[in-house]
Amino acid sequence: MGDGERSAQAAAVDISVGRLSPDEYSRNFGDAHPRLTPHQALVESDRCYFCHDAPCVHACPTGIDIPSFIRKIASGNIKGSAHDILGENIMGAVCARVCPTEVLCEGRCVRNLQEHKPVAIGALQRYATDWLFERDIQLFARGPGSGRRVAVVGGGPAGLSCAHRLAVLGHAVTVFEARGKLGGLNEYGVAAYKVAGEVAQREVRYLLEVGGIDVKLGQRLGHELSLTRLRAEFDAVFLGTGLGAVNDLGIDTRPMSGVHDAIDYIATLRQTRDLGSLPVGRRVVVIGGGMTAIDIATQTRRLGAEDVTMVYRRGPEHMGASAKEQAWAQTNGVRIKHWARPVRLLARDNALASVELEYTRLDDQGRLIGTGERFTLAADMLFKAIGQVLVRSAFEDALELLDTGTGRIAVDAERRTSLAGVWAGGDCVAGGKDLTVVAVEDGKVAAHSIDRFLRIAQAVGAQHG
Ligand SMILES: Cc1cc2nc3c(=O)[nH]c(=O)nc-3n(C[C@H](O)[C@H](O)[C@H](O)COP(=O)(O)OP(=O)(O)OC[C@H]3O[C@@H](n4cnc5c(N)ncnc54)[C@H](O)[C@@H]3O)c2cc1C
Ligand code: SF4
């Protein structure tokens with residue numbers, strides 16, 4: 001029995017602000033990994049074999065020519081290197097920081113075979129893109145105007161990537177974003193220490209500098225906007241709305257304070273300048289096993305929570321979070337309890353006091369079942385981090401024709417939806433991996449498909465006109 005379990009019945013609710021000193025907050029939420037120095041970048045780039053048909057390139061969802069950008073760093077052509085990166089992935093600066101490279105490019109690097117240490121592709125990508133941004137060098141220009149207008153709904157990685165590529169291709173783009181800032185989860189979701197400082201907004205500014213992108217903030221599809229209206233007013237529509245709702249715990253919970261959606265709390269954390277003003281519990285329980293669960297657990301620890309336990313209903317190998325991310329949480333003092341699920345939340349004076357959990361296992365047919373054995377964890381705060389779902393009401397007026405049968409929007413290889421003239425990408429579409437880099441690729445692929453569609457329509461129009 002752990003400390004949290006022993007004290008479940010006794011402790012009073014303890015949620016408070018200012019658990020740490022200002023210095024501790026800035027240390028805990030500053031850049032998690034320092035950037036490479038020019039000398040380190042040179043040494044690291046020299047480790048690359050510049051492989052033919054490089055496996056790292058195949059593992060990059062945006063298909064960046066990795067050996068080419070690394071070779072350019074080695075030869076001192078940093079601008080050319082950044083061009084290789086941003087030409088395929090306009091959000092390459094944030095992706096360099098947030099991509100789980102251990103399961104993507106670096107996971108496939110041939111250097112793993114000899115030295116068990118891949119070339120630090122992510123760090124080199126960051127080196128080149130930071131170099132460019134610091135010098136304010138704009139590599140892209142808007143193409144000659146096509147006279148066509150495209151609506152992009154959602155200003156996250158998928159929507160912004162689509163908008164940028166469409167602008168480069170000469171189309172006039174309007175981005176409709178529900179929130180007060182662009183960037184999507186880069187700005188409101190990803191752990192603060194991965195994207196420290198202004199990097200997310202710096203990237204948004206860079207991307208908009210290309211021109212031809214009109215931004216309308218505070219415009220939510222399903223409220224101020226309707227898909228029917230956008231389809232009537234624009235030549236094409238791209239949906240990049242992400243996943244706006246959180247899965248429920250699936251247990252009876254009466255309203256009580258102390259129970260939170262992890263993504264709402266993280267969004268507040270990302271927008272709070274004085275982290276000492278953010279209340280955090282002394283004992284925190286996180287339900288979930290993905291990246292969101294790791295992030296809320298690690299960040300509450302870094303806000304000064306004393307005892308943070310992640311509870312996941314299966315084993316470590318089943319978790320959405322990679323082994324590296326699990327190790328990161330544990331290094332930060334997070335306890336991960338596998339094979340358990342919540343069955344009851346217990347309150348005192350309408351405030352969460354503890355969580356009753358049941359051990360789980362797989363039955364003979366491989367189904368997850370409860371063992372009947374229970375234990376209790378004292379908790380001042382509980383965070384739900386068990387996956388997000390599509391807000392289907394945003395597309396209410398078009399749901400008859402828009403295929404969302406699997407719970408997300410169905411798209412083909414070009415990211416066309418079942419609704420004529422409407423494309424979609426990022427977390428809101430079925431079959432994705434819920435990664436920033438995948439959303440960026442979806443936006444890019446959709447932009448090229450929209451471009452082909454608009455140019456064919458234009459050519460047909462010219463023939464008949
Ligand atoms: C806590 C957390 C941590 C993560 N960490 C990582 C990480 O480290 N690395 C990684 O690769 N991925 C990470 N991810 C996943 C990654 O953030 C997403 O895959 C990526 O942001 C998806 O981009 P998107 O554009 O599809 O959606 P989003 O980023 O969600 O953007 C959608 C945008 O649409 C807007 N919107 C929503 N509904 C409407 C509407 N009805 N009308 C108008 N606008 C609307 C939203 O406000 C938002 O700006 C994380 C996710 C979470 C939740
Ligand atoms: S696999 Fe590794 S060594 Fe080969 S090109 Fe990619 S980064 Fe370089």
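Whatever order the structure lists ligands and atoms in, that order sets their numbers, starting from 1.
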Which residue owns the protein heavy atom closest to [atom], what's the atom, and how far is it?
atom: atom 2 (C) of ligand 1; value: Thr292 OG1, 3.7 Å
atom: atom 26 (O) of ligand 1; value: Asp427 N, 2.9 Å
atom: atom 44 (N) of ligand 1; value: Ala178 N, 3.2 Å
atom: atom 15 (C) of ligand 1; value: Asp434 O, 3.3 Å
atom: atom 42 (N) of ligand 1; value: Leu221 N, 2.8 Å
atom: atom 5 (N) of ligand 1; value: Met291 SD, 3.2 Å
atom: atom 12 (N) of ligand 1; value: Thr436 OG1, 3.3 Å
atom: atom 21 (O) of ligand 1; value: Leu185 CB, 3.5 Å

Taking [X] first and then [Y], would you say they form a salt bridge - that is, a charged N and a carboxylate O separated by under 4.0 Å?
X: Asp130; Y: Arg97; answer: yes
X: Arg126; Y: Asp31; answer: yes
X: Asp380; Y: Arg283; answer: yes
X: Lys216; Y: Glu224; answer: no
X: Asp295; Y: Arg270; answer: no
X: Arg148; Y: Asp451; answer: no

Sorted by chain and residue number, the salt bridge (charged side-chain N to carboxylate O under 4.0 Å, His left out) partners of Arg165 (sequence neighbours excluded) come out as none
Asp264 meets the salt bridge (charged side-chain N to carboxylate O under 4.0 Å, His left out) criterion, sequence neighbours left out, with none
Best match, [options]: closest heavy atom to [atom]:
atom: atom 32 (C) of ligand 1; options: Gly240, Gly154, Ser393; value: Gly240
atom: atom 23 (O) of ligand 1; options: Pro157, Gly156, Gly426; value: Pro157
atom: atom 48 (C) of ligand 1; options: Arg179, Gln299, Glu177, Arg220; value: Glu177

Run the side chain to side chain donor-acceptor pair (under 3.5 Å) test against Arg416 and tell me which residues pass, sequence neighbours left out. Asp412
For [X], atoms of ligand 1 separated by under 4.0 Å from a heavy atom:
X: Phe176; result: 43 (C), 44 (N)
X: Gly184; result: 29 (O), 31 (O), 48 (C), 49 (O)
X: Gln219; result: 42 (N), 43 (C)
X: Leu435; result: 10 (C), 11 (O), 12 (N), 19 (O)
X: Lys194; result: 7 (C), 8 (O)
X: Ile263; result: 53 (C)
X: Ala158; result: 25 (O), 26 (O)

Select one of side chain, backbone, both or neither to describe which atoms of [X] lie under 4.0 Å from any atom of ligand 1, heavy atoms only.
X: Tyr188; value: neither
X: Ile266; value: side chain
X: Val438; value: neither
X: Thr241; value: both
X: Val153; value: side chain

Write down the atom of Asn247, the atom of Ile386, and the distance for their closest heavy-atom approach. ND2-O, 3.1 Å
For the residue pair Tyr312 / Gln326, report whether a side-chain donor-acceptor contact shorter than 3.5 Å exists. no
Within a 6.0 Å radius of atom CD on Gln114, are there more than 12 heavy atoms belonging to other residues, nucleotides or ligands? yes
Are there more than 12 heavy atoms of other residues, nucleotides or ligands under 6.0 Å from atom CZ of Arg313? no
Inter-residue atom distance [X].[atom1] - [Y].[atom2], 0.5 Å rounding:
X: Met91; Y: Asn186; atom1: CE; atom2: CG; value: 5.0 Å
X: Asp397; Y: Leu225; atom1: CG; atom2: CG; value: 10.5 Å
X: His58; Y: Leu104; atom1: NE2; atom2: CG; value: 14.5 Å

Give every protein N, O or S atom lying under 2.8 Å from atom 6 (Fe) of ligand 2, naming each by residue and atom. Cys56 SG
Validation row, ring centre Trp423 to ring centre His448 under 6.0 Å: no
Test item, Lys433 contacting ligand 1 (heavy atom, 4.0 angstrom): no
Whether Gln388 lies under 4.0 Å from ligand 1, heavy atom: yes
Kindly indicate whether the side chain of Leu208, heavy atoms from C-beta on, has any atom under 4.5 Å from the side chain of Leu182. yes
